[in-house]
Amino acid sequence: MSILLKTLFPQVDFTYVFTDTEAEDPELYESLERLEDFLGQKIHRVVSEKGGFYDLLDHFGNFLPSGRARWCTKELKLIPFKKWLKKIRPQSSTQSIYSFVGIRADEPAREGFAASQDFIHTEFPFRALGMEREQVFALLSDTIGVPRLYRHRTRSGCSFCPFMRRSELLGLYRWNPKSFAKGASYEKLCDADRKRYQDSSTPVWKEIGWGLNWTTLPVPERVDARFADSSPSMRWARRINQTALNGEMKRHMPPQPEEEMVEVWFGAEFFVDEMMSAMDPSSPGIWWQEPITFSSSRSGLTRQLKLHYEHRLRTPEAHMMSLEEMRRNLRLAVYRVEIPARLVDLDTPSRAGEKDQDSSYTWNSNFAFSQIKQVYNWVLRTLHVAGLCQQLREFWNAPEEGWEAQRRQNLIEALEKITDPVGTLTGMDLFDPPVACESQPDTIDASVYPEQQQMSLTI
């Protein structure tokens with residue numbers, strides 16, 4: 001919106017204001033710096049008189065904000081901005097302040113900052129011009145670029161937040177582990193929860209002595225570009241025969257003792273280019289893969305993947321793609337994994353009132369940061385081993401000489417180095433997005449992100 005105002009009215013001396021929690025996503029600060037370069041002037045940073053977010057955590061006795069006690073927005077955004085407006089109040093009754101709010105024309109349910117003072121007038125440039133998501137993101141793409149944070153987040157804001165989805169927290173863990181660790185440090189787990197959410201996993205690439213980029217997720221048949229035109233050949237009740245090793249191969253896999261198992265449903269995304277397979281018949285055409293999220297049930301994972309798919313369709317520019325390219329290249333995969341129950345715990349954190357249990361205080365009542373890390377690492381370990389097995393299957397009948405034979409031998413040696421526990425991949429397939437995702441890519445699920453209806457950026 002500030003880019004639009006600067007472009008349409010270069011002669012106007014706007015004051016650009018950002019209410020800073022001092023705990024924003026690092027990529028948001030990078031975008032603000034690029035914006036300042038474009039505007040040719042500094043953006044005024046307004047900070048609460050009580051300090052930033054971490055200062056207020058101390059002020060509130062480390063009481064974590066939540067949907068029921070959302071003190072952070074009030075204390076760090078609304079109050080500081082209102083106080084700043086009072087400081088610049090016009091001396092003359094004939095003068096006014098115009099506040100411009102960046103809510104789009106396709107966001108009718110959202111409301112902007114409502115000032116009670118008569119001298120403040122709120123304007124909505126995007127709505128007045130009929131600008132919707134496509135036009136707004138195109139404007140960003142043509143100037144300072146779409147913030148990279150939209151690759152793993154649905155909105156800008158603090159590095160971690162009680163309203164973040166599980167998929168967003170996993171993205172934070174992968175791409176900003178320091179912020180994830182800081183968020184985890186503010187959670188107060190009781191002794192029982194601290195013990196059951198402990199993570200003892202070892203990354204596969206470390207155990208076998210390879211680089212991280214040499215490990216891969218197993219590829220479902222319908223994700224593989226080489227089988228793009230084949231009919232669906234797998235359903236949930238069927239075991240993963242297409243990736244299972246025969247009896248000779250299984251002797252190279254780590255032994256699996258009989259024990260109680262926990263079922264986890266896991267989602268990942270692949271970006272596929274069928275031209276890669278056309279040029280190299282041995283290639284599945286995959287040029288990017290990324291774990292997304294997990295759930296204890298298939299229905300829970302389906303809901304999360306649906307929201308993720310909608311977000312990808314809303315923000316293809318974050319991946320430097322058009323909407324059509326995103327639809328053509330994106331594949332979402334679903335995995336069903338069993339992990340030994342002694343290694344992971346999917347139960348929610350303990351709460352006051354539960355019999356014989358102390359309370360834990362977490363950002364989200366449904367899960368803890370350490371729990372997300374634990375489950376994710378054990379599932380990823382299992383999938384990386386399954387990926388090694390899938391590659392071994394492809395090279396199993398290769399000639400006895402040449403690079404393919406050497407690759408087969410390297411895979412066998414890698415599998416034989418694995419001695420720590422590993423779960424079992426029991427099923428995988430392509431996720432077919434509901435038709436509604438295709439027809440309404442700009443919808444926002446307010447039940448998941450209630451603040452979408454309330455938050456606005458005021459310049």
Side-chain angles (χ1 to χ4, degrees), residues 167 170 204 213-246 249-250 253 263-278 280-309 312 326-339 375-376 378-396 411 415 422-435 437-438:
S167 59
L170 276 178
V204 169
N213 61 318
W214 282 93
T215 55
T216 180
L217 300 172
V219 182
E221 182 178 283
R222 291 202 290 153
V223 172
D224 194 321
R226 293 170 295 184
F227 304 102
D229 297 328
S230 62
S231 59
S233 60
M234 175 182 173
R235 288 296 179 262
W236 296 112
R238 180 180 173 185
R239 306 293 288 186
I240 53 169
N241 295 325
Q242 76 273 23
T243 57
L245 303 179
N246 60 27
M249 293 179 184
K250 285 184 178 179
M253 295 180 66
E263 184 177 82
V264 183
W265 291 80
F266 195 84
E269 70 178 0
F270 294 85
F271 286 110
V272 178
D273 187 344
E274 295 180 5
M275 289 299 297
M276 293 175 61
S277 295
D280 179 6
S282 66
S283 171
I286 295 169
W287 54 270
W288 184 260
Q289 57 179 270
E290 178 87 11
I292 301 174
T293 188
F294 65 85
S295 177
S296 59
S297 66
R298 177 185 174 185
S299 60
L301 182 65
T302 298
R303 287 193 297 270
Q304 293 187 63
L305 291 183
K306 176 180 176 290
L307 292 170
H308 182 82
Y309 186 74
R312 283 289 179 260
M326 179 61 71
R327 283 194 174 111
R328 184 171 63 250
N329 296 334
L330 177 63
R331 306 284 191 279
L332 299 183
V334 176
Y335 301 95
R336 185 175 60 197
V337 179
E338 290 183 353
I339 307 292
V375 177
Y376 169 78
W378 276 110
V379 173
L380 191 65
R381 173 178 171 80
T382 299
L383 293 179
H384 279 167
V385 171
L388 292 174
C389 294
Q390 186 181 58
Q391 292 180 66
L392 180 57
R393 178 179 180 274
E394 291 186 5
F395 289 100
W396 191 252
L411 289 165
L415 287 169
V422 177
T424 304
L425 175 61
T426 59
M428 63 179 180
D429 198 5
L430 175 73
F431 172 74
D432 293 309
V435 176
C437 293
E438 292 289 344

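Predicted, not measured: the structure shown is a model, and the values here were computed from it.
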Task: Set of residues satisfying salt bridge (charged side-chain N to carboxylate O under 4.0 Å, His left out) with respect to E263, sequence neighbours excluded - done: none

Open item on the list: Testing the basics here: between V272 and P284, what is the closest heavy-atom pair and its distance to 0.1 Å?
Closed with: CG1-O, 4.1 Å

Task: Partner residues of S296 under the side-chain hydrogen bond (donor to acceptor under 3.5 Å, both in side chains) criterion, sequence neighbours left out - done: none

Open item on the list: Under a 3.5 Å distance rule, please check whether T424 uses its side chain to pair with a backbone N or O of E338 as donor and acceptor.
Closed with: no

Open item on the list: How long is the straight-line distance from OG1 of T302 back to CZ of R298, given to the nearest 0.5 Å?
Closed with: 6.0 Å

- [ ] Provide the closest heavy-atom pair for D224 versus V219 in the form atom of the first, atom of the second, distance.
- [x] N-CG1, 3.8 Å

- [ ] Compare every heavy atom of A333 with every heavy atom of L305, then report the nearest pair and how far apart it is.
- [x] CD1-O, 4.3 Å

Task: Test item: L415 and C389 side chains (from C-beta on) under 4.5 Å apart, heavy atoms - done: yes

- [ ] State the OH-CG distance between Y309 and L330, to the nearest 0.5 angstrom.
- [x] 6.5 Å

- [ ] Heavy atoms only: give me the nearest R312-M326 pair and the separation to one decimal.
- [x] O-CG, 3.7 Å

- [ ] Check A268 against I292 and note the closest heavy-atom contact, atom names and distance.
- [x] C-CD1, 3.5 Å

TODO: Indicate the atoms forming the closest heavy-atom contact of S167 with Q304, along with that distance.
DONE: N-OE1, 4.3 Å

Task: side chain to side chain contact (heavy atoms under 4.5 Å, CB included) partner of F294, chosen from V379, V337, V375, L301 - done: V375

- [ ] Not counting sequence neighbours, which residues clear ring-ring contact (aromatic ring centres under 6.0 Å, His included) with F270? List them please.
- [x] none

Open item on the list: For T216, give me all partners under side-chain hydrogen bond (donor to acceptor under 3.5 Å, both in side chains), at least two apart in sequence or on another chain.
Closed with: Q289

Open item on the list: Whether the side chain of Y335 engages the backbone of P218 through a donor-acceptor N/O pair (distance < 3.5 Å, no angle test) should be reported.
Closed with: yes

Open item on the list: Just so I know, are the side chains of V223 and L430 near enough to count as touching, which here means a heavy-atom distance under 4.5 Å?
Closed with: yes

Task: W396 side, atom CH2; L411 side, atom CG - distance, nearest 0.5 Å - done: 10.0 Å

Task: Which residues share a ring-ring contact (aromatic ring centres under 6.0 Å, His included) with F431, sequence neighbours left out - done: none

Open item on the list: Let me confirm one number: the CE-CG distance from M275 to D280, rounded to the nearest 0.5 Å.
Closed with: 12.0 Å

Task: S283 side-chain N/O to S277 backbone N/O, donor-acceptor pair under 3.5 Å - done: no

Task: W287: ring-ring contact (aromatic ring centres under 6.0 Å, His included) partners, not counting sequence neighbours - done: F271

- [ ] Enter the distance from L217:CG to L425:CG here, rounded to the nearest 0.5 Å.
- [x] 10.5 Å

TODO: Only counting residues at least two apart or in another chain, list the ones meeting side-chain hydrogen bond (donor to acceptor under 3.5 Å, both in side chains) with H384.
DONE: none

TODO: Can you sort out the partners of D432 under salt bridge (charged side-chain N to carboxylate O under 4.0 Å, His left out), two or more places apart, ordered by chain and number?
DONE: R222

- [ ] With sequence neighbours excluded, tell me which residues meet side-chain hydrogen bond (donor to acceptor under 3.5 Å, both in side chains) with T382.
- [x] none

- [ ] Starting at CD of E290, measure out to NE2 of H308 and round the result to the nearest 0.5 Å.
- [x] 8.0 Å

Open item on the list: Do the side chains of R226 and E394 get close enough for a salt bridge, i.e. N-O under 4.0 angstrom?
Closed with: yes

